[in-house]
Amino acid sequence: MWRNRIHKQFVSVLILLTVLLISCQQQDYPTDNEQLSHEEQIVIRFSHVVGENTPKGMAAVKFAELIKQRSNGHVEIQVFPNGVLYKDGEEMNALLRGDIQMIAPAISKITTLVPEWSVMDLPYAFKNAEEVHAYIDSEVGQSLMKKLNDHNLFSMGVWDSGFKQLSNSIRPIQDVSDLKDLRMRIMPSDILAEQFLSVGAYPKRIDFNTVFHQLQKGNVDGQENTLTNITSKNLHSLQDYLSISNHGYLGYLLLMNNEFWQSLPKDVQTLLIETLAEVQEWEWQLAENLTTERLQEMEACSCINIHYFTDEDVQQWESAFEPVYKYYANNYSKKYILALPKNQSRH
């Protein structure tokens, strides 16, 4: 009898231990992917600084959803928008340290590492996004991509935000002289600084997530950005005048820590590249559609005075900005300028 009692107690203890073990194991597994441990699952933290309702924000979410679906949860893209994880000026260092694995900074922000990339910031360098995409796919564009490898960066593609417009709270901007003495927020780019300095304005390098407060406090008079970025941060509510100038392209480089990229299995690399190529095409069209929608919304709200540049305006502004091209050629290389579509069409 005593043996049966000991046997029953042993079975009870064994069952209890089994239940506890299963419980502990379940806590160590992702709730939506119970067949994989944290060690088996590949997690990619993707940080960016714009809103979720922008082309970049929406594309990041789509990318994460497709990767999760196509990898059956084996690869998880964790998206952190609006600079909640790292601020505008912090995310590049965080990527290089390996604290995050992926970012999508504006191309202007790459110019502190690879100044030659500021060819993309030259005013009126491109007429449309198709010209931008062709330039980046060209031999000279791919040589710019390769320069990123020297900084432990692996480039996976380019997403559009669109073309930049000018807004301010002082006066309408139609003639180039209207920019004189205005304090204008810019991204960290020597070419963007030279762009405004060349026409008598005062460029101020300010992180995107603080632009609203800087405008609100009156520390700057105006800014340049795409319509989707302007409306996502409600910047137009603090500005009285908007000029549809389309004077410069704004796009994002999809960057991954190269050391982390090289550590990924080949099949995962293929999945990421193929999915991003698909999302990139989708994002390009989305950026174009949302830009049109946001302009229509601003026209309908009558909340800001809008001026549209004519062809004659554009010609005048292009001529005024010629010194910016000379500045680039003297400091970097003429070959990147000569490869621009506007120069190719002349030969």
Side-chain angles (χ1 to χ4, degrees), residues 46-67 77 79-84 88 102-109 120-121 124-136 156-167 185-187 208-209 211-212 215 222-239 241-254 275-309:
F46 183 179
S47 173
H48 69 81
V49 301
V50 301
E52 294 174 285
N53 59 338
T54 61
K56 177 165 69 170
M58 296 168 72
V61 171
K62 184 177 182 67
F63 176 51
E65 291 175 346
L66 287 175
I67 290 297
I77 310 289
V79 180
F80 300 90
N82 280 309
V84 297
D88 207 3
M102 188 173 179
I103 61 175
I107 293 175
S108 302
K109 296 166 190 173
M120 307 297 294
D121 284 332
Y124 293 106
F126 306 97
K127 290 183 179 180
N128 51 55
E130 287 73 23
E131 287 189 350
V132 173
H133 305 155
Y135 183 82
I136 290 177
M156 307 176 73
V158 176
W159 287 353
D160 293 340
S161 181
F163 281 79
K164 294 179 290 185
Q165 321 303 340
L166 296 162
S167 73
R185 179 266 170 175
I186 64 167
M187 289 182 286
F208 181 61
N209 294 108
V211 175
F212 184 91
L215 289 171
Q223 57 85 51
E224 59 165 11
N225 218 315
T226 61
L227 293 178
T228 53
N229 282 342
I230 290 172
T231 54
S232 72
K233 295 296 184 182
N234 203 27
L235 302 182
H236 58 297
S237 68
L238 302 174
Q239 306 274 264
Y241 307 100
L242 174 69
S243 291
I244 304 301
S245 53
N246 292 314
H247 63 278
Y249 169 77
L250 197 164
Y252 308 105
L253 282 175
L254 278 295
T275 303
L276 265 180
E278 178 184 331
V279 174
Q280 179 173 265
E281 292 281 348
W282 178 85
E283 193 276 345
W284 288 350
Q285 187 60 54
L286 177 68
E288 182 179 339
N289 294 343
L290 287 182
T291 295
T292 300
E293 290 178 16
R294 297 298 176 263
L295 180 56
Q296 291 173 345
E297 290 169 2
M298 295 177 79
E299 290 171 333
C301 76
S302 300
C303 52
I304 190 169
N305 184 295
I306 304 177
H307 172 74
Y308 303 85
F309 275 26

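Given the structure is predicted, the values throughout are model-derived calculations rather than measurements. Side-chain atoms are counted along with the backbone in the values below, which use heavy atoms only and exclude waters and symmetry mates.
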Would you indicate whether the side-chain heavy atoms of M298 and I306 approach each other to under 4.5 Å? yes
Can you tell me how the ring of H133 sits relative to the ring of W284, calling it parallel under 30°, perpendicular over 60° and tilted otherwise? parallel
Verify whether one side chain among N289 and Q285 offers a donor that lies under 3.5 Å from an acceptor in the other. yes
Between the CD1 atom in I304 and the NE2 atom in H236, the distance rounded to the nearest 0.5 Å is 7.0 Å
Side chain proximity check, M102 to F63, heavy atoms < 4.5 angstrom: yes
Can you name the nearest heavy-atom pair linking D160 to A287, along with the distance? O-CB, 3.7 Å
Between D121 and S108 the two heavy atoms that sit nearest each other are OD1-OG, 2.7 Å
Are E297 and R294 close enough for a salt bridge, meaning some N to O gap below 4.0 Å? yes
Side chains of E52 and V79: does their closest heavy-atom pair fall under 4.5 Å? no
Roughly how far, to the nearest 0.5 Å, is OG1 of T275 from CD1 of I77? 9.0 Å
Is there side-chain contact between L242 and L227, with heavy atoms separated by less than 4.5 Å? yes
Would a 4.5 Å heavy-atom cut-off, applied to side chains only, mark L250 and N229 as touching? yes
When rounded to the nearest 0.5 Å, the distance separating NZ of K56 from CG of L286 is 13.5 Å
How long is the span from the CD atom in Q223 to the CZ atom in F208, to the nearest 0.5 Å? 8.0 Å
Counting C-beta onward and ignoring hydrogens, is there a side-chain heavy-atom pair between F163 and H247 closer than 4.5 Å? no
Evaluate Y135 against M120 for side-chain contact (heavy atoms from CB on, under 4.5 Å), listing each step before the verdict. CA-CA 10 Å; Y135 183 82; M120 307 297 294; 3.9 Å; yes
Can you measure from CG (D88) to CG (N209) and round to the nearest 0.5 angstrom? 6.0 Å
Are a donor atom and an acceptor atom from the side chains of N225 and Q165 found within less than 3.5 Å of each other? no
State, to 0.1 Å, how close Q239 and S167 come at their nearest heavy-atom pair, and which atoms those are. OE1-OG, 2.7 Å
Do the side chains of M58 and L290 get nearer than 4.5 Å, heavy atoms only? yes
Chi angles and distances behind the side-chain contact (heavy atoms from CB on, under 4.5 Å) call for T291, T226: CA-CA 8 Å; T291 295; T226 61; 5.8 Å; no
Show the nearest heavy-atom pair for residues A60 and F46, with the distance to one decimal. CB-CE1, 3.7 Å
S245 to Y124 - nearest heavy-atom pair and separation: O-OH, 3.1 Å
Would you check, one step at a time, whether the test side-chain contact (heavy atoms from CB on, under 4.5 Å) holds for K109 with V49? CA-CA 12 Å; K109 296 166 190 173; V49 301; 4.1 Å; yes
Verify, without hydrogens or angle tests, whether N128 (side chain) and E130 (backbone) share a donor-acceptor contact under 3.5 angstrom. yes
Mind checking what makes side-chain contact (heavy atoms from CB on, under 4.5 Å) contact with T292, not counting sequence neighbours? Q296
If you define the side chain from C-beta out and look only at heavy atoms, does anything of Y249 sit under 4.5 Å from I107? yes
Tightest non-hydrogen contact, residues T228 and T54, listed as O-CG2, 3.9 Å
Please walk me through it: do E283 and V158 pass side-chain contact (heavy atoms from CB on, under 4.5 Å)? CA-CA 10 Å; E283 193 276 345; V158 176; over 6 Å; no
Could you give the distance from CZ (F212) to CG (N234), rounded to the nearest 0.5 Å? 5.5 Å
